[in-house]
Amino acid sequence: MSDQHLKTVNYADLLLKLCDSVTGVLTSATGDNISYAPMIQTITKTTLTPDIGTFAMFTGSFSGMAVINFPKETAMELYKSYMTMVGIPENEQAHNYTSEEVSNALGELMNQILGNYVTTISRELHTKITQSQPKMLALPKELQINISVNLDTPKFSKVTFFTEKGNVFFMELAMDNVEFCKLRDIEEHSEESPDDILKQFNL
């Protein structure tokens, strides 16, 4: 078999797709430019750290766990931008990162990020993975929580993200060290927007 017809997708490719889901969803939801560092840090475990930690699992053709840790300044910046984008007046917004409204908003954004990632991977690799409901914790400064996950030869990575105002947050990924190899040409599926789907049912 000729190597030129062989296409592989490995852990690094799947991590990059997740990074793109993080920046794409948060940029769209907040109206601010979210970016990530070009370097990936190799770590040995996933950890929830102050001030707000969120995590979610995904399973199926491969398994893993995504963790995003938000310092309080970053959490409030993203929360306020998101609330403003959805039309919530500033005087009705929470003013402390420990407020339930902040955790709920970041949890919803995490859910959108994983949903986008799962949809993208399922479509592009013609495979199936599902996500769990994200969990959120507001953590005091002195507390860190290590999270273990049962994976086959797992890899652990950490990526630094930047908000438009220069605040940072961190995503950690624990995932099977998988590799997908294309055996034949894959038929591309067209992407339908929610509006297109509703039109089909005259809604």
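Side chains are part of it too, since the values below use all heavy atoms of this structure and drop only hydrogens, waters and symmetry mates. All figures in this text were calculated on a predicted structure; none of them were measured in a lab. We're numbering straight along the sequence, starting at 1.
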Hits for side chain to side chain donor-acceptor pair (under 3.5 Å) against S21, two or more places apart or cross-chain, chain-then-number order -> N116
Can you find a pair of side-chain heavy atoms, one from I52 and one from K72, that are under 4.5 Å apart? no
Taking side chain to side chain donor-acceptor pair (under 3.5 Å) as the test, write out the residues that go with D13, two or more places apart. none
Does a side chain donor of either E73 or N167 reach within less than 3.5 Å of an acceptor in the other side chain? no
If every non-hydrogen atom of T46 is compared with every non-hydrogen atom of L173, which pair is closest and at what distance? CG2-C, 4.4 Å
Output all residues satisfying side chain to side chain donor-acceptor pair (under 3.5 Å) with E108, sequence neighbours left out; order by chain, then residue number. Q112
Backbone N/O of F70 and side chain of T74: donor-acceptor pair under 3.5 Å: no
Check whether D176 reaches the backbone of S63 with its side chain - one donor and one acceptor, N or O, closer than 3.5 Å. yes
Between Q93 and I88 (side chain of the first, backbone of the second, donor and acceptor by atom type, cut-off under 3.5 Å), is there such a pair? yes
If you define the side chain from C-beta out and look only at heavy atoms, does anything of I34 sit under 4.5 Å from L78? yes
Which pairs count as salt bridge (Lys or Arg N to Asp or Glu O under 4.0 Å) when at least one residue sits in residues 39-67, sequence neighbours excluded? D51-K141
Value rounded to 0.5 Å, distance of OG1 in T119 from CG in L114: 10.5 Å
Check P50 against Q144 and note the closest heavy-atom contact, atom names and distance. CD-CG, 4.4 Å
With sequence neighbours excluded, what pairs up with Y97 under the side chain to side chain donor-acceptor pair (under 3.5 Å) test? none
Same hydrophobic cluster for M39 and L15, using side-chain heavy-atom links shorter than 4.5 Å among ILVMFWY? no
Is it possible for you to say whether V25 and L16 belong to one hydrophobic cluster, with membership spreading through side-chain heavy-atom contacts below 4.5 Å? yes
Crowded around K17 NZ? As in, over 12 foreign heavy atoms under 6.0 Å? no
CG on N69 to NZ on K158, rounded to 0.5 Å: 7.5 Å
Ring pair (Phe, Tyr, Trp, His ring centres under 6.0 Å) pairs, two or more places apart, involving residues 147-168: Y36-F161, F161-F169
